[in-house]
Amino acid sequence: MTQIHVDDRKWDWPLQSGDGIVDVHNDEDKFEVDLDAQYFTPQEIKVQVIGRILDIHFEHNLKQDKLGDVSRQVTRSYKLPEDVDEKSVKSALKGSTLVITAAKKPKK
């Protein structure tokens, strides 16, 4: 499992347009990141939390695309910020964007 760490506010995401960097929204109330998933269906996306690591895997086998026959696979693992409740992580595909959210840990 390869971890790519840009910093706590930015993640490397190779499918993202432009420079491939995604802004991570992590404020007092919630954690959220929006990842470009335009080439994948919900069945081709797997998101899981392993300890404090968020593991994201996109894969589809050879299929017809506007570019011809294409297969794609993207895997990234990111360490969740310390104030994020890893048990509350949820993901949903909204249009062509994978939205990952999580609640914050209760303040002590």
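Basis for what follows: all heavy atoms, side chains included, without hydrogens, waters or symmetry-related copies.
Annotation: side chain to side chain donor-acceptor pair (under 3.5 Å) contacts of Q43 (sequence neighbours excluded): T41. With sequence neighbours excluded, the residues satisfying side chain to side chain donor-acceptor pair (under 3.5 Å) with K104 are N26, D83. The salt bridge (charged side-chain N to carboxylate O under 4.0 Å, His left out) check on K63 picks up E44, with sequence neighbours excluded. Every residue was checked against the side chain to side chain donor-acceptor pair (under 3.5 Å) condition with S71, not counting sequence neighbours, and none meets it. For D29, the side-chain contact (heavy atoms from CB on, under 4.5 Å) partners two or more places apart in sequence, or in a different chain, are D27.
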Can you give the donor-acceptor pairs under 3.5 Å from side chains of residues 84-91 to other protein atoms, not counting sequence neighbours?
from, atom 1, to, atom 2, distance (Å)
D85, OD1, K87, N, 3.0
E86, OE1, R52, NH1, 2.3
S88, OG, D85, O, 2.8
S88, OG, A103, N, 2.8

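Of all heavy-atom pairs spanning A37 and L98, the tightest one is CB-N, 4.1 Å.
In this structure, the separation between CZ on R72 and CG on L62 is 10.5 Å, given to the nearest 0.5 Å. Here the CG-CD1 distance, from L80 to I50, works out to 11.0 Å after rounding to the nearest 0.5 Å.
Residues Q48 and H57 have side chains not in contact (no heavy-atom distance under 4.5 Å, counting atoms from C-beta outward). Inter-residue side-chain proximity for E32 and V99 is flagged as met; some heavy-atom pair is nearer than 4.5 Å. Two residues are said to be in side-chain contact when any heavy atoms from C-beta on lie closer than 4.5 Å; L35 and T97 fail this criterion. Residues T101 and F31 have side chains not in contact (no heavy-atom distance under 4.5 Å, counting atoms from C-beta outward).
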Is there a side chain to side chain contact (heavy atoms under 4.5 Å, CB included) between I56 and Y78 once you walk through the steps? CA-CA 8 Å; I56 305 165; Y78 305 99; 3.8 Å; yes

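I45 and Y39 end up in the same hydrophobic cluster when Ile, Leu, Val, Met, Phe, Trp and Tyr side chains are linked at under 4.5 Å. Taken together through direct or relayed side-chain contacts under 4.5 Å among Ile, Leu, Val, Met, Phe, Trp and Tyr, L54 and V74 form part of one hydrophobic cluster.
Surrounding NZ of K105 are more than 12 heavy atoms belonging to other residues, nucleotides or ligands, all under 6.0 Å away. For E28, the CD atom counts as loosely surrounded, since its 6.0 Å shell holds 12 or fewer non-hydrogen atoms of other residues, nucleotides or ligands.
Aromatic ring orientation, F40 versus F58: perpendicular (interplanar angle above 60°, classes split at 30° and 60°).
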